[in-house]
Amino acid sequence: MISIIVPVYNIEKYLVPCVDSILGSSCQDFELILVDDGATDSSGSICDEYSSRDERITVLHQENAGIGVARNNGFKKAQGEYVIFIDGDDVIHPQMLEMMKNALDSSDSDVALVRAYTIDDNGEVTSTAMEREPVLHTITQEEYMQCLFAKNEFGYPVVWNKLYRRTLIEDLPFKTVDAEDIEWMTRVLMKVKKISVIERQLYGYRLRPTSITRQANGLNMNIVNRLETYLMCLNEIPQEYRNYRSWCLLYTYKYLLSTRHLFRGSSLYGQAKEKITKVYKQTVDEMLHSDLSLPVKLALYGFYHLPALYAPLYSIHAKRCASRFEQEGYKQS
């Protein structure tokens, strides 16, 4: 059986399409755990309505504590051999669960993952959703990390497009940190031996109006605190995983540089700069001795010490980030 855990917080507009897509799955051997994270709209009552109609649906109501706590509480109730976390504003293809379960049943993989496509605020598809026959192949942990580092093939490791064996993650609760999904996936990948990759876009993730612009429209120190999560990730990656560490450093510096630029001229710049400087000092030596290419190292080092050089590139970088959200399936927490 598959345990499907869906955190729910103020998503009344999107929750029905999400749940309906799950209930319409070709694989019906599942339990659906909806975790109402203290929603202040009608999301909680929508969850209760679904639960009253389908005995496979369990609803947990909690005070607002964040998506990590919601996922942890949902997992405590989970009974399935396999577990998947689905965001409550997204949708899934009818065959997704079946294909993922079959991939794990027929292999010794720890995780099965699918590709994603994007939908807009109204549910319209905004990127190509492949309808061809899926291609299934298995890769090792080392190959997955190589794909991340050399090809940037999978974007940042996200939680929601993967089906996990329960035994893999039962001792890995989410932590209450900023960008908890990034930190959690780093710990998960340290335990993974094999991954089944289904080459078909089966997970529809929603690009909501606030997803990409939220940081620019409302500056707060939580944005800067995400840098500490990147440091946590780095501390969890063994030294011998040079590719993965280098890749993590690259993302750390991209975020560090864009965050500093974002806060320039704001009343929080002093606080932000203090944390940014701390992260830089802790990581610059390893970054310069990492497996990143020499041009990339020089660019990261130069952009840090010459902010004016970075400024003209920020708008280009932001546009590319927005494009990558659509192409690679990375959604900001």
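Other residues, nucleotides and ligands place more than 12 heavy atoms under 6.0 Å from the NZ atom of Lys13. A 6.0 Å sphere centred on CD of Glu240 holds more than 12 heavy atoms belonging to other residues, nucleotides or ligands. Other residues, nucleotides and ligands contribute over 12 non-hydrogen atoms within 6.0 Å of the OH atom of Tyr269. Surrounding NZ of Lys175 are more than 12 heavy atoms belonging to other residues, nucleotides or ligands, all under 6.0 Å away. Taking a 6.0 Å sphere around CD of Glu142, one finds it holds 12 or fewer heavy atoms contributed by other residues, nucleotides or ligands. Enclosure of atom NZ in Lys193 is not indicated, since only 12 or fewer non-hydrogen atoms of other residues, nucleotides or ligands lie within 6.0 angstrom.
Under a cutoff of 6.0 Å and an axis angle of 45°, Arg200 and Tyr117 do not form a cation-pi pair. A cation-pi arrangement, defined by a distance under 6.0 Å to the six-membered ring centre and an angle within 45 degrees of its axis, is present between Lys254 and Tyr251. Cation-pi geometry between Arg56 and Phe30 is satisfied (NZ or CZ under 6.0 Å from the ring centre, within 45° of the ring normal).
Contact annotation: the side chain of His305 never approaches that of Leu300 to less than 4.5 Å [non-hydrogen atoms, C-beta and beyond]. Counting heavy atoms from C-beta on, the side chains of Val69 and Thr176 come closer than 4.5 Å. At least one side-chain heavy atom of Ser258 sits less than 4.5 Å from a side-chain heavy atom of Tyr310. Looking only at side-chain heavy atoms (C-beta outward), Thr118 and Val125 stay at 4.5 Å or farther from each other. A 4.5 Å side-chain heavy-atom check between Glu183 and Met232 finds at least one atom pair inside the cut-off. Looking only at side-chain heavy atoms (C-beta outward), Lys273 and Arg264 stay at 4.5 Å or farther from each other. Taking the side chain as every heavy atom from C-beta outward, Val159 and Arg71 approach each other to under 4.5 Å. Considering only heavy atoms from C-beta on, Ile169 stays 4.5 Å or farther from Lys191 through its side chain.
Here the shortest heavy-atom pairing between Arg206 and Asp121 reads NH1-O, 3.3 Å. Heavy-atom minimum distance, His289 versus Lys297: C-NZ, 4.1 Å. Between Val6 and Leu32, the shortest heavy-atom contact is CG2-CD1, 3.7 Å. Considering every non-hydrogen atom in both Leu189 and Met145, the closest pair reads O-CE, 4.0 Å. In terms of heavy atoms, Tyr50 sits closest to Val16 at OH-CG1, 3.3 Å. The minimum heavy-atom distance linking Ala65 with Asp37 is given by the pair N-OD1, 2.7 Å.
Atom CG of Leu231 is separated from atom NZ of Lys278 by 8.0 Å, given to the nearest 0.5 angstrom. Rounding to the nearest 0.5 Å places CZ of Arg245 at 7.0 Å from CG of Asn235. Atom CE of residue Met100 and atom OG of residue Ser25 lie 11.0 Å apart, to the nearest 0.5 angstrom. To the nearest 0.5 angstrom, Ile22 atom CD1 is 7.5 Å from Leu97 atom CG. Interatomic distance, Asp36 CG to Glu63 CD, rounded to the nearest 0.5 Å: 11.0 Å. How far CG of Leu113 is from CG of Leu163: 10.5 Å, rounded to the nearest 0.5 Å.
Ring geometry for Tyr255 against Tyr230 counts as tilted: the plane angle lies between 30° and 60°, on a 0 to 90° scale.
Partner Leu227 forms a side chain to side chain contact (heavy atoms under 4.5 Å, CB included) with one of Ile276, Asp178, Thr283 and no other, that one being Ile276. Each of Leu15, Ile11, Val59 was scored for a side chain to side chain contact (heavy atoms under 4.5 Å, CB included) with Ile46, with one residue passing: Leu15.
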From CA spacing to verdict: side chain to side chain contact (heavy atoms under 4.5 Å, CB included), Glu286, Leu234: CA-CA 11 Å; Glu286 181 175 2; Leu234 200 61; 4.0 Å; yes

Stepwise side chain to side chain contact (heavy atoms under 4.5 Å, CB included) check, Leu207 with Ile119: CA-CA 6 Å; Leu207 292 174; Ile119 56 178; over 6 Å; no

Candidate pair Leu202 and Arg115, rule side chain to side chain contact (heavy atoms under 4.5 Å, CB included), full reasoning: CA-CA 6 Å; Leu202 300 172; Arg115 301 292 187 172; over 6 Å; no

Worked check of side chain to side chain contact (heavy atoms under 4.5 Å, CB included) between Ile84 and Ile5: CA-CA 6 Å; Ile84 186 169; Ile5 300 170; over 6 Å; no

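One hydrophobic cluster, built from ILVMFWY side chains closer than 4.5 Å, holds both Trp247 and Val188.
A donor-acceptor pair under 3.5 Å is formed between the side chain of Ser3 and the backbone N or O of Gly80. A donor-acceptor pair is defined here as one N or O able to donate and one able to accept, closer than 3.5 Å; no such pair exists between the side chain of Glu12 and the backbone of Ala39. The main-chain N or O of Asp89 is never found under 3.5 Å from a side-chain atom of Asp87 such that the two would form a donor-acceptor pair. Ser21 places a side-chain N or O within donor-acceptor distance of the main-chain N or O of Ile92, the cut-off being under 3.5 Å. A donor-acceptor contact shorter than 3.5 Å is absent between the side chain of Ser109 and the backbone of Val111. A donor-acceptor pair under 3.5 Å is absent between the side-chain atoms of Asn102 and the main chain of Asp105, judged by distance alone. A donor-acceptor pair is defined here as one N or O able to donate and one able to accept, closer than 3.5 Å; such a pair exists between the side chain of Ser246 and the backbone of Asp291. Listed for the Ser107 side chain is a donor-acceptor partner under 3.5 Å among the backbone atoms of Ala103. When atom types are taken as modelled, the side chain of Asn161 and the backbone of Val114 share a donor-acceptor pair closer than 3.5 angstrom. With hydrogens and angles ignored, the 3.5 Å screen pairs no side-chain donor or acceptor of Ser51 with any backbone N or O of Asp48.
Side-chain N/O atoms of Glu236 and Thr186 include no donor and acceptor closer than 3.5 Å. There is a side-chain donor-acceptor pair under 3.5 Å between Asn10 and Thr40. A donor-acceptor contact closer than 3.5 angstrom links the side chains of Glu98 and Ser26.
For Tyr82 and Tyr164, the gap between ring centers reaches or exceeds 6.0 Å. Taking the six-membered ring where the residue is Trp, the centroids of Phe85 and Trp160 are separated by 6.0 Å or more.
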